[in-house]
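Below is one structure, written out as structure tokens, with a few remarks after it.
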Amino acid sequence: MKKRPLALAVTLTTVSIGLCGAAISQETVSPVSGEERMIEEVITTGTPGGTGVRKLEASFSVTTLGDDEIGKASPSSTADLLKSIPGLWVESSGGVSGANIDVRGFPGGSDAPFVTVSMNGLPLYPAPTLSFLENSSLFRVDDTIQRVEGLRGGPNPVYSNGQPGLTTNFILKEGTEETEGRFKYTTSDYDLQRTDAVLTGKLSDDVYYMLGGYLSTSPGIRDAGFNAEEGHQFTLHLTKEMDSGKAGFYVRDTKDTGTWYLPNAAFLPTDYTQVGQSNRKVSVPVTQGDGSGGTTVRWQTFDLGEGRGWDGSVAGAYLELDLGDGWSLTERFALTSGSADTLGFVPDGAPLALNTLTDQAVITASGAELSGETLVQQFGAWVVRKDIEAATNDFSLAKEWDNVKFTGGFYTSSWEVDEWWSIGNQRYYVLGQDGELITGAADGGALTGELACNNVPDVLTCGWKYDVEAVGDARESAVYLAGEYYLGDFTFDLGLRSANRETNYSVDKGIRDGVFTTYKADEEGFAYTAAVDWAFAESMGAFFRINSGFKFADFDNYREFDDRYLAGSDLIIDIDQYELGYKLQDQDYSLFATFFYNETQGMPDCIIGSGTCTRLETKALGLELDSKVHWGDFTLGLNATLQKPEITSGQFEGNQVMRQPKYQVRLSQNYDFTVNNIDMAIFGGISRVGDRFNDSENLVTLPGYTKVDLGAIAYLNDISVQLSVDNLTDEDGITEGDPRNPLASNVRYILPRNIKLSIAYDF
């Protein structure tokens with residue numbers, strides 16, 4: 001399909017209506033009644049040992065999204081789905097991987113240092129962020145997901161990996177008594193071709209299975225001119241029901257990559273990406289030690305069309321037992337192994353007219369001669385190869401009496417990274433999708449002046465260069481204790497965590513010479529949480545919670561702070577949080593409102609590529625709202641975050657925390673109706689984001705924007721047809737500027753308007 005959004009929208013809508021009209025008979029699906037809506041939501045994230053608790057009774061902020069809500073969201077990536085969770089600032093404009101995600105007022109601006117992505121209760125990778133890798137890049141959303149739970153703050157610092165910010169827990173679907181399944185085909189106006197399938201059933205007495213996955217290919221929402229996004233995934237989940245509990249095993253294998261979308265010149269269209277068929281193969285200078293303390297260079301060809309992605313597997317098992325007499329046991333174990341590579345064209349500096357750089361007549365790699373008015377720009381071929389492994393275990397034992405419950409747990413994890421980078425490597429390219437490398441003078445001679453750096457292999461780069469070879473491993477063990485006391489309408493809870501982490505990290509950085517710097521750390525941390533919950537009515541409640549947590553340094557922090565750490569600097573980040581919440585859930589409406597206040601101390605703030613790092617102290621005061629109202633067949637949802645995030649130390653004291661808006665509001669709607677005995681729904685959302693700053697100095701303002709999404713679905717017996725339009729008005733919203741140079745004119749836009757059509761068959 002050619003990318004003609006408005007024409008295609010009309011065409012696809014016509015097709016959908018035509019299919020609806022062709023239905024001969026239809027079993028009417030009754031609108032959801034108030035009593036059905038009141039089926040209690042049970043959440044497991046943030047509870048001792050993953051014990052289920054009613055959402056209305058939870059004394060913390062947690063958002064749940066079921067498979068129907070996930071399907072209607074039609075997210076472009078895992079990070080894109082997380083926009084439905086209040087308290088988050090999500091920049092999913094980088095493609096299928098490599099998002100930037102910040103948590104309510106916490107400092108950040110790059111990757112996702114305070115976000116953990118878990119599956120069935122255990123983190124995929126215990127460290128939330130490595131350079132060029134954040135947790136959401138390791139997960140792909142498909143029809144094997146039953147629901148996702150997003151917990152902000154609350155008891156987070158005590159359980160699992162002690163994440164003080166956000167823990168998102170994706171729960172896999174389980175097998176069913178009768179064999180059931182779904183087959184779905186999805187296409188789009190950017191030539192997406194995707195097939196999803198899921199099958200559930202029973203293997204034998206009390207043994208159930210769920211298996212499913214997808215195959216997908218497309219040139220990308222920003223068309224690269226070739227199949228730049230390719231992926232497949234397979235998931236198997238087995239469960240065994242027992243008289244005294246349940247056991248399960250799951251394995252998920254994924255290979256999914258896509259173009260790395262980067263900031264670009266602000267005047268370019270939002271569907272621009274530099275990479276294309278003509279320039280994807282690039283010769284990159286890779287430095288390495290020569291065995292004598294010096295450096296040698298080898299030129300190696302890479303395919304920047306690989307972009308960013310995940311090629312790996314996650315496997316796990318769990319056991320939940322009721323031991324009788326109030327005793328219960330939970331055991332969870334998981335392994336992660338794979339590669340998370342990053343390749344792409346990274347701009348450096350502003351675009352320039354060719355005649356401002358040279359008077360030569362020059363040609364490109366294909367021999368095309370360029371005019372003096374041709375816009376050119378420096379682009380660096382960045383290559384990051386990253387292999388990771390992780391093993392995690394969480395064991396807990398609980399004892400419950402009439403009004404008291406105690407839980408003790410032991411959490412252990414170990415993880416490794418083996419990586420090398422070659423970044424910088426700038427050359428002058430023609431600016432534009434598939435823009436070619438400038439290779440020589442038209443007369444066959446060498447390039448001169450400003451363009452002389454394009455004479456490969458005489459000069460390594462037109463700008464800067466930074467190479468890394470590193471290997472690291474870390475082990476963490478933690479003991480946690482939790483107690484709950486029930487007194488009438490009040491529930492009091494207290495959680496404590498004592499953790500130890502040992503880290504070993506060796507790195508050869510800059511221009512690699514074979515000389516490695518080794519960092520060793522053996523650190524202790526203590527976290528606690530305490531809360532009181534008051535259920536003062538059948539459908540209402542309130543809570544107050546405090547917590548104090550921390551974040552150990554990850555591998556990259558040692559490299560970034562280098563001499564300061566070796567001289568004795570403590571790289572641990574300390575976080576204190578206070579929350580006051582109100583909860584209301586009835587048949588036709590719900591409201592979960594949380595006032596929050598947090599303080600952080602010691603957060604690294606680094607300008608990428610500059611080697612300049614400072615440590616920030618911040619505070620944030622704000623309000624989260626998560627609510628729904630039902631009027632018959634119409635549902636209106638509100639997801640909002642209002643906050644004042646502020647830097648409280650150093651030269652930027654009083655400034656707003658970078659990249660986080662003071663407000664963001666999303667109104668969503670869903671209307672169910674019936675036409676000619678065909679059940680249908682129209683759904684969508686309007687999001688408004690406030691102004692942000694691109695840097696801690698608050699020199700560059702990123703203007704606010706409004707984004708509109710719209711969709712419709714029709715149910716035809718066992719067939720459903722869904723049409724989704726993302727960014728209906730084709731808004732040019734900016735998520736970030738140039739992280740390497742805040743004053744540069746490069747910006748990254750939200751994804752342009754795109755349309756998806758899905759046809760699913762349920763059996």
Side-chain angles (χ1 to χ4, degrees), residues 97-98 110-113 125-135 137-138 284-291 293-298 300 302 308-312 336-344 346 380-391 413-425 460 464-476 501-523 551-566 569 571 604 606-613 740:
S97 292
S110 179
D111 295 317
Y125 192 72
T129 288
L130 303 179
S131 290
F132 305 101
L133 175 63
E134 43 75 38
N135 271 199
S137 295
L138 306 178
V284 174
V286 180
T287 61
Q288 60 188 31
D290 62 5
T295 298
T296 184
V297 178
R298 59 182 171 88
Q300 187 171 345
F302 295 93
R308 301 187 73 158
W310 168 238
D311 182 2
T336 298
S337 179
S339 301
D341 298 336
T342 296
L343 298 91
V346 179
W382 286 28
V383 179
V384 176
R385 299 293 195 194
K386 195 180 296 281
D387 295 329
I388 63 171
E389 292 184 0
S413 60
S414 63
W415 60 99
E416 300 177 6
V417 64
D418 188 348
E419 61 183 339
W420 69 265
W421 315 356
S422 182
I423 64 176
N425 307 321
L460 298 185
W464 56 272
K465 179 174 179 57
Y466 189 79
D467 287 7
V468 166
E469 182 178 0
V471 61
D473 65 81
R475 294 178 178 273
E476 183 170 333
R501 179 182 292 189
E502 297 179 6
T503 303
N504 298 286
Y505 181 60
S506 296
V507 58
D508 177 8
K509 62 179 182 178
I511 300 298
R512 290 162 50 197
D513 56 9
V515 178
F516 285 78
T517 302
T518 299
Y519 307 90
K520 294 181 179 291
D522 187 346
E523 298 172 312
K551 182 181 183 298
F552 286 125
D554 294 316
F555 298 129
D556 301 288
N557 301 131
Y558 298 106
R559 184 188 68 251
E560 292 163 347
F561 281 87
D562 195 10
D563 294 339
R564 279 169 285 181
Y565 170 73
L566 295 175
S569 178
L571 300 184
C606 304
I607 298 176
I608 301 173
S610 71
T612 301
C613 293
R740 285 153 293 281

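Nothing here was measured: the structure is a model prediction, and the numbers come from that model. Any value given below was found using the heavy atoms of this structure, including those in side chains, with hydrogens, waters and symmetry copies removed.
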*Begin from the C-alpha positions of Val346 and Ile423 and carry the test side-chain contact (heavy atoms from CB on, under 4.5 Å) through to its verdict.*
CA-CA 9 Å; Val346 179; Ile423 64 176; over 6 Å; no
Flag, side chain of [X] to backbone of [Y], donor-acceptor distance under 3.5 Å:
X      : Y      : result
Thr503 : Ala474 : no
Arg501 : Glu523 : no
Asn135 : Ala127 : yes

Applying salt bridge (charged side-chain N to carboxylate O under 4.0 Å, His left out), can you list everything that pairs with [X], at least two apart in sequence or on another chain?
X      : answer
Asp387 : none
Arg308 : none
Glu134 : none
Arg559 : Asp556

_side-chain contact (heavy atoms from CB on, under 4.5 Å) between Arg385 and Leu343, worked out_ = CA-CA 8 Å; Arg385 299 293 195 194; Leu343 298 91; 3.7 Å; yes
*Please name the pair of heavy atoms, one in Asp290 and one in Thr295, separated by the smallest distance, quoted to 0.1 Å.*
OD2-N, 3.7 Å
_side-chain contact (heavy atoms from CB on, under 4.5 Å) assessment of Gln300 paired with Val383_ = CA-CA 11 Å; Gln300 187 171 345; Val383 179; over 6 Å; no
*Start with the C-alpha distance between Asp513 and Asp508, add both sets of side-chain angles, then the distance that settles side-chain contact (heavy atoms from CB on, under 4.5 Å), and finish with yes or no.*
CA-CA 7 Å; Asp513 56 9; Asp508 177 8; 3.4 Å; yes
*Candidates Tyr125, Tyr505, Phe132 - the one meeting ring pair (Phe, Tyr, Trp, His ring centres under 6.0 Å) with Phe555*: Tyr505
_Going by ring-ring contact (aromatic ring centres under 6.0 Å, His included), name the residues that satisfy it together with Tyr565, two or more places apart in sequence or in a different chain._
Tyr558
*Results of side-chain hydrogen bond (donor to acceptor under 3.5 Å, both in side chains) for Lys386 - residues two or more places apart only*: Glu419
